[in-house]
Amino acid sequence: MPETKTILTLDAGGTNFVFSAMRDFEQIIEPVRLPAHADDLDRSLQTLRDGFEQVSRQLNGKAEAISFAFPGPANYALGIIEDLPNFPAYNGMLPLKDILQEQFKMPVYINNDGDLFAYGEAKAGLLPEVNKRLREHGSEKQYKNLTGLTLGTGFGAGIVIDGVLLGGDNSCGAGIHDTLNALHPNWNIEDSVSARAILREYGAESGEDVSDRMPVDIYEIAHGRKEGDAASAKRAFTLFGISLAHAIANISTLIDGMVVIGGGLSESWDLFAPYMFRTLRMPYQKADGSTQGSRRLSVDVYDLESEMDAFLAVNPVTISVPGTSKTVTYDRSPRIGVGRSRLGASHAISIGAYAFALQQLNR
């Protein structure tokens with residue numbers, strides 16, 4: 001059944017705030033773009049007020065809530081923003097939720113962008129697409145769990161279990177960026193799964209100054225479309241894919257479900273994904289040096305960009321229930337899929353913000 005509630009949303013970037021409104025999981029107005037003033041708290045807060053007021057004036061009726069993502073550490077349940085690298089004006093303890101609730105007299109929900117990305121893909125992106133295609137192929141298997149990973153300036157994550165977004169007792173329910181780095185055990189994983197990792201590894205391999213480079217430049221060098229060291233560029237994405245695979249493997253041992261990847265660096269899938277999947281499928285080595293029967297994961301892992309047909313293949317087995325005439329049919333192929341965002345990170349975050357507000361309002 002469509003949800004007819006109207007929710008005000010915000011895409012909070014370090015340069016611009018983009019305000020909008022959603023109803024029935026669709027954007028219903030032309031977005032309002034205003035400068036974020038990330039280094040001036042008074043001006044930035046006034047921009048938030050102005051933006052939501054401009055959106056409200058475009059609506060036919062009243063909104064029920066405000067829901068959006070804000071990057072960086074915070075107590076999201078209370079809506080208290082702490083130190084934000086890209087928003088120096090917000091450094092400190094700012095009760096942003098209460099400020100906006102006082103201004104607009106409606107519930108306000110603030111979440112991490114990685115969390116809302118995962119929730120959006122779980123509600124309207126990769127997860128429902130896979131389940132629909134499984135049903136079309138005659139499979140009764142349906143997935144309820146999903147991990148969303150965002151690749152960009154940093155490494156973000158969100159986790160949805162049985163359709164519910166995991167928040168955690170300290171708003172740290174999916175802090176994947178601080179998990180162990182398999183290639184550099186003294187670093188956290190974000191130092192090898194981020195834009196800076198691509199630049200660092202390319203610079204180290206090639207000996208070039210990368211101060212004026214962006215990851216997209218390294219991608220173009222790898223494909224021979226820009227001048228530079230193509231072998232070093234490919235090596236940077238190889239290490240990126242290996243590091244990402246270790247993070248996916250670790251989280252997939254705990255969260256048995258689909259994995260969806262979004263963010264700017266997901267566009268370099270063709271360079272890092274082969275090494276990501278190769279690493280995910282590698283066996284552990286036993287103490288005696290053998291690898292026989294020692295799998296990295298207890299499930300098969302499929303690339304949903306190139307192996308969707310194989311993933312969808314049904315492997316039903318029917319067994320009899322002793323002492324009765326009953327039978328049980330089940331799929332004997334434990335498997336998960338890893339694929340790219342179906343919505344795009346920004347749209348998925350907006351969908352996630354809308355879905356989270358509905359969940360809270362309907363409690």
Side-chain angles (χ1 to χ4, degrees), residues 8-19 34-52 65-104 106-120 147-160 165-181 187-191 193-196 247 251 263 345-346 348-350 352-353 356-357 359-360:
L8 305 184
T9 65
L10 166 66
D11 182 359
T15 303
N16 293 299
F17 287 156
V18 182
F19 303 85
L34 298 173
H37 299 298
D39 58 353
D40 187 320
L41 182 59
D42 289 338
R43 294 181 73 188
S44 189
L45 290 175
Q46 189 58 51
T47 298
L48 288 172
R49 297 184 184 100
D50 291 345
F52 285 125
I66 293 172
S67 183
F68 61 93
F70 223 68
N75 184 315
Y76 290 109
L78 295 177
I80 298 173
I81 306 301
E82 299 182 25
D83 296 336
L84 303 182
N86 295 328
F87 287 81
Y90 288 77
N91 287 351
M93 293 178 288
L94 182 74
L96 184 58
K97 175 179 178 177
D98 287 295
I99 291 171
L100 294 174
Q101 284 187 162
E102 184 67 23
Q103 172 77 22
F104 293 98
M106 68 177 73
V108 174
Y109 307 108
I110 305 174
N111 268 290
N112 176 267
D113 50 1
D115 290 333
L116 294 184
F117 166 73
Y119 206 35
T147 298
L149 303 174
T150 55
L151 311 178
T153 304
F155 183 27
I159 297 169
V160 179
L165 180 65
L166 177 65
D169 290 330
N170 298 287
S171 296
C172 298
I176 197 170
H177 60 284
D178 273 336
T179 54
L180 183 68
N181 187 321
W187 302 356
N188 71 8
I189 190 62
E190 187 174 84
D191 275 328
V193 184
S194 57
R196 64 183 177 274
I251 201 165
S346 180
I349 290 168
S350 295
F356 184 79
Q359 174 192 304
Q360 296 301 304

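Here the structure is a predicted model, which means the values were calculated and not measured.
Between Phe17 and Phe68 there is no side-chain heavy-atom pair separated by less than 4.5 Å. Between Gln103 and Phe52, the closest side-chain pair of non-hydrogen atoms is not below 4.5 Å. Contact of the Leu149 side chain with the Val193 side chain is not registered, since no non-hydrogen atoms from C-beta on lie closer than 4.5 Å. At a threshold of 4.5 Å between non-hydrogen side-chain atoms, the residues Asn188 and Phe155 do not count as touching.
For the residue pair Thr153 and Ser194, the shortest heavy atom distance occurs at O-CB, 3.5 Å. Of all heavy-atom pairs spanning Asp113 and Ile349, the tightest one is O-CG1, 3.6 Å. Contact between Gly263 and Ala345 at its shortest, heavy atoms only, is N-CB, 3.9 Å. Between Ala348 and Phe117, the shortest heavy-atom contact is CB-CD1, 3.6 Å. A pairwise comparison of heavy atoms in Leu165 and Asp115 identifies CD1-O, 3.4 Å as the closest pair. Scanning both residues, Ala157 and Thr150, for their nearest heavy atoms gives N-OG1, 4.4 Å.
Under the 3.5 Å distance criterion, the side-chain polar atoms of Tyr76 are left unmatched by any main-chain donor or acceptor of Ala69.
Atom-to-atom distance recorded for Ile176:CD1 and Thr147:OG1 is 7.5 Å, nearest 0.5 angstrom. The structure places OG1 of Thr15 at 11.5 Å from NE2 of His37, a figure rounded to the nearest 0.5 Å. A distance of 10.0 Å separates OH in Tyr119 from CG in Asn111, rounded to the nearest 0.5 Å.
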Worked verdict on Phe19 versus Leu48 for side chain to side chain contact (heavy atoms under 4.5 Å, CB included) | CA-CA 9 Å; Phe19 303 85; Leu48 288 172; 4.1 Å; yes
In sequence, state the C-alpha distance, the side-chain angles, and the governing distance for Ile66 and Tyr109, and then conclude on side chain to side chain contact (heavy atoms under 4.5 Å, CB included).
-> CA-CA 6 Å; Ile66 293 172; Tyr109 307 108; over 6 Å; no
Side chains of residues 87-101: which donor-acceptor pairs under 3.5 Å do they make with residues two or more places apart or in other chains?
residue : atom : partner : partner atom : Å
Tyr90   : OH   : Ser44   : OG           : 2.6
Asn91   : OD1  : Leu84   : N            : 2.9
Lys97   : NZ   : Ala77   : O            : 3.2
Gln101  : OE1  : Val108  : N            : 3.1

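Every residue two or more places apart in sequence or in another chain that forms a side chain to side chain donor-acceptor pair (under 3.5 Å) with Arg196 is listed here: Glu190, Asp191.
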